[in-house]
Amino acid sequence: MNYRPIISTIAVMGLGLMSSFGQPAVAEGPTPHQSVSHYYAYPYLDVAPPAQTPAPEGYEPFHIEHYGRHGSRWLINPNQYATPVKELSKAEKAGKLTPFGQEVLNTARDIQNKSQGRLGELSDIGAWQHQAIGRRMYKNYPQIFRPGTHVDAKSTIVIRCILSMLNEIKELQALEPELLITTDASYADMYYMNHDHDSISKEWRKKAKAGPLKEERAKYKTSGKFLSKLISDPQFAKDSINATALAADLVNVLGNAQSHSDQPWLLEEVFSPEELHTEWMKRNLNWFVDAGNSALTGGTQPREQRFLLRNFIESADTAVVSPRTSANLRFGHDTMVYPLSVLMEIDDFGQEINDLSLVEGRVNDYMLVPMAANIQMIFYRPAGSTNPDDVLVKVMLHETERRLPGKPVTGPYYRWTELRDYYLNKIGTTD
C-alpha cells in the first residue's frame, strides 16, 4: 500500500493555476487528488510555492492581513465513513466481494474505526501544513516578523481552526521568540470569521439548486462501472448496491487519505479518470452555486463576505498609519475563502457565469479551497513613512502572487488607497 509518498506527489502536482503573474489562471485538472474538491491537500508541504516578485526599490513589507482555512482534517459526517462499510458489507456477507473489494472494505473499516471521536478534527498533515506556512511567512517577510512585532491571531471557535492557528503561531514564535503574539477564538468575532447568515443569499441558493443546478448535475450520472472491481457478481451489484451513494462516499473516504500520513491511496485503483471527473463535477457545480458570482444566485453569494473584507480594510487602516510592523492572522473555513476570493476579484474568479456548463475550467473548486487555503495581503511602504498614499499591496492566494482589479503600479503591486476605495465602493457603506 502507498502511504507517505502520496504527500510528495500532491506537492509536485500543484494547484493547476501556477502560471506567471499577470497571466490568466489555467485549470489543468482535476488530477485524481484534486478531484476530491475541498479535500485536496495543500500542495506546498514538501516543495516551495512559486518565487515572489521583488518589491519596488525602496519599499519593504510592514504588515500582513490574512485569512486561512484550517489544515487537512478528518471527515465531518459519520455517514461518509459508514456508507462504504455498509454497502460493501452486503457483498461480503453474500460472498460476492473480489479480493480487491475485500481490501477496500478492510481499509474503509479501519479508517472508520480510527475516525471514532475525531470527526472534523485536524489531521497530522493538517498540522504540518500550517507549520510550513508559518515558516515560509517568516522567511519571506523577515522585516515584519522581527522583535516587537505584534501578531494578532484569531480563529473561529472550531477546534481544527484553533489548532491550525496554534501550529502556525508556534512556528513563528520559535523563529522569533520576541514577537508579541495575542490569540483568541470567540463568538464575538464569528460574524465576520464564519459568516453565512444572509437570508436573501440562502433563498437565491435554494432556487438555483432546485432549478439550474439540479438540471446541470443530472448530466453527471454515476455509471457504477467501478463496482466490477469490487463485486464479483454484476447482477448482485445492480440489485443490492447503491452505486451512487457508494461512489460519493468512497471518493470522500479514499480521497481524503491525502489528509493523513498513514492511510493508503486507493482512489485511482477503484475509479477510472472518467468516473472521478463525474463525481468531481457534481461537487464543483455545488461550490459555484454556493459561492460563485452568478445571476442565477442574484450575485449575492460573494457579498456574504463583505464583513470579512471590511475587517481586512479597517485593520489595515490602523496598521498603515502606525510606524510599527504587525500582522493580523485569521483562521477559519473554506466557505469563507472561496467567496472572499470571488468578492476580491482575485484573478478571474470574480467573473460572472450564468451558464453552469461553462463553470469547469473557469472557476474550479480545488483552485480555491484546498486544505489550508489562504489569502495573504502583504503591505509595503518606504522605510519611515506612515503616509497611506505611499503604501503598495499585493495579494497572495495559497502563497502565490495573483492579479487584482485595477491597474498595478508594477508587477503584482497595487496602490492601497485605490484598491481600498474600490473595495469599499463595491461592498457599500451599510451592512
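The backbone N or O of K170 sits nowhere less than 3.5 Å from a side-chain atom of Q173 that would complete a donor-acceptor pair. Although no hydrogens or angles enter the test, the distance criterion places no donor-acceptor pair under 3.5 Å between the side chain of K214 and the main chain of K209. Judged purely by atom type and a 3.5 angstrom limit, R136 uses its side chain to pair as donor or acceptor with the backbone of Y44. In terms of modelled atom types and a separation under 3.5 Å, the side chain of S385 and the main chain of R381 share no donor-acceptor contact. The closest donor-acceptor contact from the side chain of D355 to the backbone of S357 lies under 3.5 Å. Judged by distance alone, the side chain of T149 and the main-chain N or O of R146 form a donor-acceptor pair under 3.5 Å. Checking side-chain atoms of N293 against main-chain N and O of G299 turns up no donor-acceptor pair under 3.5 Å. At distances below 3.5 Å, not a single donor-acceptor pair connects side-chain atoms of S115 with backbone N or O atoms of R118. Formation of a donor-acceptor pair under 3.5 Å by the T325 side chain with backbone atoms of F62 is not found in this model. Judged by distance alone, with hydrogens and angles left aside, the side-chain atoms of T297 form no donor-acceptor pair with the main-chain N or O of T300 at under 3.5 Å.
Side chain to side chain, N374 and Y42 meet the donor-acceptor criterion of an N or O pair below 3.5 Å. When only modelled atom types and interatomic distance are considered, Q258 and S72 share no side-chain donor-acceptor pair under 3.5 Å. At a cut-off of 3.5 Å, with distance as the only test, a side-chain donor of E352 or N354 sits close to an acceptor on the other residue. H277 and E360 are linked by a side-chain donor-acceptor pair at a separation below 3.5 angstrom, with hydrogens and angles left out of the test. If you check the side chains of Q80 and D249, you find no donor sitting under 3.5 Å from an acceptor. K282 and T222 form a side-chain donor-acceptor contact under 3.5 Å, judged by distance and modelled atom types alone. With 3.5 Å as the limit, one finds a donor-acceptor pair spanning the side chains of S272 and E275. Side-chain contact check for N256 and W74: no donor-acceptor pair (N or O, by modelled atom type) lies under 3.5 Å.
Ring planes of W416 and F379: perpendicular class, angle over 60° (limits at 30 and 60°).
Contact of the S35 side chain with the L267 side chain is registered, since non-hydrogen atoms from C-beta on lie closer than 4.5 Å. Looking at heavy atoms from C-beta onward, Q301 lies out of side-chain contact with V289 at the 4.5 angstrom threshold. Between D365 and Y40 there is no side-chain heavy-atom pair separated by less than 4.5 Å. Side-chain contact between I313 and L424 is present, with at least one heavy-atom pair separated by less than 4.5 Å. With a 4.5 Å cut-off on side-chain heavy atoms, R109 and V104 do not count as touching. At a threshold of 4.5 Å between non-hydrogen side-chain atoms, the residues T182 and V151 do not count as touching. Taking the side chain as every heavy atom from C-beta outward, N284 and Y366 never approach each other to under 4.5 Å. At a threshold of 4.5 Å between non-hydrogen side-chain atoms, the residues H38 and R69 count as touching.
A distance below 6.0 Å separates the ring centres of Y413 and Y380. Between F307 and H195, the distance from one ring center to the other falls under 6.0 angstrom. In this structure, the ring of F331 has its center less than 6.0 angstrom from the ring center of H66.
Annotation: cation-pi geometry not satisfied between R330 and Y67 (NZ/CZ under 6.0 angstrom from ring centroid, within 45° of ring axis).
Tested against W265, the residues Q263, E269, E268 include a single side-chain hydrogen bond (donor to acceptor under 3.5 Å, both in side chains) partner, E268. Checked against D348 for a salt bridge (Lys or Arg N to Asp or Glu O under 4.0 Å), the options R402, R403, R362 give a single hit: R403. Each of E401, E399, E65 was checked for a salt bridge (Lys or Arg N to Asp or Glu O under 4.0 Å) with K394, and the lone residue meeting it is E401.
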| request: Take R160 and E121, measure what salt bridge (charged side-chain N to carboxylate O under 4.0 Å, His left out) needs, and give me the verdict at the end. | output: CA-CA 5 Å; R160 61 181 173 272; E121 291 186 357; over 6 Å; no
| Residues R420, D317; criterion salt bridge (charged side-chain N to carboxylate O under 4.0 Å, His left out); working and verdict | CA-CA 9 Å; R420 176 186 183 276; D317 283 347; 2.9 Å; yes
| request: Kindly indicate, with the supporting measurements, whether the criterion side chain to side chain donor-acceptor pair (under 3.5 Å) is fulfilled by N252 and R283. | output: CA-CA 11 Å; N252 290 330; R283 300 160 191 252; 2.8 Å; yes
| Test side chain to side chain donor-acceptor pair (under 3.5 Å) applied to N194 and T156, step by step | CA-CA 7 Å; N194 193 21; T156 67; 5.6 Å; no
| task | Tell me, with the steps shown, if F288 and S294 meet side chain to side chain contact (heavy atoms under 4.5 Å, CB included). | result | CA-CA 9 Å; F288 182 77; S294 177; 3.7 Å; yes
| request: Quick one: do D198 and R306 satisfy salt bridge (charged side-chain N to carboxylate O under 4.0 Å, His left out)? Show the steps, please. | output: CA-CA 11 Å; D198 287 5; R306 63 194 182 278; 3.0 Å; yes
| request: Check the pair L276 / V251 against side chain to side chain contact (heavy atoms under 4.5 Å, CB included), numbers first and verdict last. | output: CA-CA 8 Å; L276 287 176; V251 169; 4.3 Å; yes
| query | So N140 and Q52, side chain to side chain contact (heavy atoms under 4.5 Å, CB included) or not? Walk me through it. | reply | CA-CA 9 Å; N140 290 333; Q52 297 188 27; 3.2 Å; yes
| task | Kindly determine whether E203 and I200 satisfy side chain to side chain contact (heavy atoms under 4.5 Å, CB included), including the steps that lead there. | result | CA-CA 5 Å; E203 188 61 29; I200 295 176; 5.8 Å; no
| request: Begin with the C-alpha distance, continue with both residues' side-chain angles, and end with the deciding distance and a verdict on salt bridge (charged side-chain N to carboxylate O under 4.0 Å, His left out) for R135 and E168. | output: CA-CA 8 Å; R135 288 193 296 271; E168 199 159 311; over 6 Å; no
| task | Report the C-alpha distance between N113 and D110 in whole Å, list the side-chain angles of each, state the deciding distance to 0.1 Å, and finish with yes or no for side chain to side chain donor-acceptor pair (under 3.5 Å). | result | CA-CA 5 Å; N113 289 335; D110 180 58; 5.6 Å; no
| Taking it one step at a time, do S326 and H63 satisfy side chain to side chain donor-acceptor pair (under 3.5 Å)? | CA-CA 5 Å; S326 55; H63 179 67; 2.7 Å; yes
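Here D389 does not pair with R415 in a salt bridge; the nearest charged N to carboxylate O distance is not below 4.0 Å. The pair E418-K407 fails the salt-bridge criterion, with no side-chain N (NZ, NE, NH1 or NH2) lying under 4.0 Å from an Asp/Glu carboxylate O.
The minimum heavy-atom distance between G332 and C161, with the atom names listed, is O-SG, 3.3 Å. Nearest heavy atoms, T410 versus P56: CG2-CG, 3.6 Å.
No more than 12 heavy atoms of other residues, nucleotides or ligands sit less than 6.0 Å from atom NZ of K225. The environment of E215 atom CD is sparse: at most 12 non-hydrogen atoms of other residues, nucleotides or ligands sit within 6.0 angstrom.
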